[in-house]
Amino acid sequence: MSTQASRPVGSHPGPVDDVSAHEKADTASLGDIVGDISSGLSTLMRQEVALAKAEARESASQAGKAAGLFSGAALGGWMAALFLSLAVWEWIAGAIDSRAWAALIVMAIWALVAAILAAMGRQDMRRVSGMPRTLETTKRVPDALKGQETT
């Protein structure tokens, strides 16, 4: 027997339903109860998956930006090493001093750029939080299934 048979004519199922949980359990068929549980669990799982997807997109976006900054730092580091090598080569070769100093100045600029980009990438990487809301709500699922919802 379904719960609709015990409702007065014109009543609506849902939040405005005056049927208590005990009355519903007494009058509903096992199939209706299992259907309600299945529907609720299905809705809960869809919501958890949607939350996980949204948090994963947000974290991936932050991680992508940090990775770009690290790439810039790597390029700056490579350029610093290249110009340092050229400066050392010029200095050792005893060529014109102005060429060596120019190479050292360029190397110092690239080293500064690399340091700034690395610091920015590190700062952005620390902001990547993962999926804290999904983790928190997933921890509450077992209690919710037992009927011990926590807020």
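Index from 1, following the sequence.
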Who clusters with Val49? Use side-chain heavy atoms, under 4.5 angstrom, across I, L, V, M, F, W and Y, and order the result by chain and number. none
Salt bridge (charged side-chain N to carboxylate O under 4.0 Å, His left out) pairs, two or more places apart, involving residues 61-72: Lys65-Asp124
Partner set under side chain to side chain contact (heavy atoms under 4.5 Å, CB included) for Ala114, not counting sequence neighbours: none
Under a 4.5 Å side-chain heavy-atom rule over Ile, Leu, Val, Met, Phe, Trp and Tyr, are Val128 and Phe70 clustered together? yes
Residues passing the side chain to side chain donor-acceptor pair (under 3.5 Å) test with Ser38, sequence neighbours excluded, are none
Are Leu51 and Leu44 joined in one hydrophobic group, where the rule is that I, L, V, M, F, W and Y side chains link up if heavy atoms are under 4.5 Å apart? no
I need the Leu69 CG to Gln123 CD distance, nearest 0.5 Å. 9.5 Å
For Met125, I'd like to know if atom CE has over 12 heavy atoms of other residues, nucleotides or ligands within 6.0 Å. yes
How would you list, by chain and number, every residue that makes a side chain to side chain donor-acceptor pair (under 3.5 Å) with Arg46, sequence neighbours excluded? Ser42, Thr43
Non-neighbouring partners of Ile33 that pass side chain to side chain contact (heavy atoms under 4.5 Å, CB included), sequence neighbours left out: Ala28, Ile37
So which pairs with a foot in residues 47-56 pass salt bridge (charged side-chain N to carboxylate O under 4.0 Å, His left out), sequence neighbours left out? Glu55-Arg133
Listed partners of Ser39 passing side chain to side chain donor-acceptor pair (under 3.5 Å), at least two apart: none
Give a yes or no on whether Arg127 atom CZ has more than 12 heavy-atom contacts from other residues, nucleotides or ligands under 6.0 Å away. yes
Sequence neighbours excluded, which residues qualify as side chain to side chain contact (heavy atoms under 4.5 Å, CB included) partners of Leu75? Trp78, Met79
Report yes or no: do Leu112 and Leu117 belong to one cluster of Ile/Leu/Val/Met/Phe/Trp/Tyr joined by side chain heavy-atom distances under 4.5 Å? yes
